[in-house]
Amino acid sequence: MKRKVYAIILASGKGERADSKVPKQFIEISGKTIIEHTIDAFEKNELTDEIFILIEPSYREFIEKILLQNRYSKVSKILYGGTTRRESSFNGVNEVPEADAKILIHDAARPLVSDPVITNCIKALDSNDAVNTAIPATDTIIRINSFNYIDNIPDRSFMMQSQTPQAFRSSLIKTAHSLAQKDNNETLTDDCGLIVRYGLADVFIVKGDTMNIKITYAQDIYLAQKLFELRSQN
Ligand code: CTP
Ligand code: MG
């Protein structure tokens, strides 16, 4: 039987580092808001069944207007996020009813996610319970100590930059999040981090995409705009 595929889009952040009037996911680039580009990617993906969107409550009207305008057929839940990304993700994951569904968790701030990357994550869940998309690190990564000196320099050939989507069997990611709820360590920044911390599964790597940038700083908004232009030329 086909396992149901849910895409959880995290759009409940404030975007403090981007320093814009509205959170970055609601800024317009290339004809629509960043979050619309992100939703479009999953709406168009043939293997995705349902989409949940996590937002901050004060953006409810805003998002409802966007949904009406676009007539998305897969967006089935608008949910409220928490004060951290982990809480937002927890709130989304807990709304998936099935234990063996496939869940993709994705940053709203990555509007350039490609269809093959989404499909590859979903397919990788046929033989893995946890999947991370990643690209080879381009900068050398240095580990530092608390005195601001280099501690060590890991071999770059083994270093990768983690992206989203990250994809999981629903029962596994629910277990990870319930363990994290009882833990007051908030140093991890993503969902695969929870799987690794609690040693719950091997996390398989799917090849990511250098275009799939996360809009973090104001300059990334310009960069994303250019990348959309580039993509429309191909
Ligand atoms: N996110 C979320 N809920 C939070 C924090 C983050 O849903 N409480 C989402 C963001 O909306 C974003 C994704 O998680 O799509 C990645 O987080 P990040 O890039 O850190 O976004 P922000 O937290 O909004 O930005 P900043 O850290 O600069 O404030
Ligand atoms: Mg953040």
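By convention here, the first residue in the shown sequence is residue 1. Remember, it's 1-based here, ligands and their atoms both numbered in the order they're listed.
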For [atom], closest protein heavy-atom neighbour:
atom	value
atom 3 (N) of ligand 1	S88 OG, 2.7 Å
atom 29 (O) of ligand 1	E16 N, 2.7 Å
atom 16 (C) of ligand 1	D107 OD1, 3.4 Å
atom 21 (O) of ligand 1	K24 NZ, 3.1 Å

Is [X] salt-bridged to [Y], going by a charged N under 4.0 Å from an acidic O?
X	Y	answer
K32	D40	yes
K77	E95	yes
R143	D151	yes
D183	R197	yes

Regarding [atom]: of the candidates [options], which has the closest heavy atom?
atom	options	value
atom 4 (C) of ligand 1	K214, H106, R85	R85
atom 8 (N) of ligand 1	S89, P111, G82	G82
atom 23 (O) of ligand 1	G13, G81, A11, S12	G13

Between ligand 1 and [X], is the shortest N or O to N or O distance under 3.5 Å?
X	answer
I215	no
A18	no
T216	no

- Query: Side chain, backbone, both or neither: which part of K14 comes within less than 4.0 Å of ligand 1 when only heavy atoms are counted?
  - Reply: backbone
- Task: Using a 4.0 Å heavy-atom threshold (strictly under), name the region of R110 that reaches ligand 1: side chain, backbone, both or neither.
- Result: neither
Only pairs under 3.5 Å count here: list side-chain donor-acceptor contacts from residues 101-114, not counting sequence neighbours, and write none if there are none.
{"from": "K102", "atom 1": "NZ", "to": "I122", "atom 2": "O", "distance (Å)": "2.9"}
{"from": "K102", "atom 1": "NZ", "to": "D126", "atom 2": "OD1", "distance (Å)": "2.7"}
{"from": "H106", "atom 1": "ND1", "to": "T164", "atom 2": "OG1", "distance (Å)": "2.8"}
{"from": "H106", "atom 1": "NE2", "to": "R110", "atom 2": "O", "distance (Å)": "2.9"}
{"from": "D107", "atom 1": "OD1", "to": "R85", "atom 2": "NE", "distance (Å)": "3.1"}
{"from": "D107", "atom 1": "OD1", "to": "R85", "atom 2": "NH2", "distance (Å)": "2.9"}
{"from": "D107", "atom 1": "OD2", "to": "R110", "atom 2": "NE", "distance (Å)": "3.1"}
{"from": "R110", "atom 1": "NH1", "to": "N212", "atom 2": "O", "distance (Å)": "2.9"}
{"from": "S114", "atom 1": "OG", "to": "V117", "atom 2": "N", "distance (Å)": "3.3"}

- Answer yes or no for L54: is there a heavy-atom contact with ligand 1 below 4.0 Å? no
- Answer with yes or no whether P23 contacts ligand 1, where contact means a heavy atom under 4.0 Å from a ligand atom. no
- Message: At less than 4.0 angstrom from any non-hydrogen atom of A109, what atoms of ligand 1 do you find?
- Response: 15 (O)
- Message: With a 3.5 Å distance limit and no angle check, can you tell me whether N70 reaches the backbone of L67 through a side-chain donor-acceptor pair?
- Response: no
- Task: Hydrophobic side-chain clustering at under 4.5 Å (ILVMFWY, transitive links): who's grouped with Y149? Put none if nobody.
- Result: F147
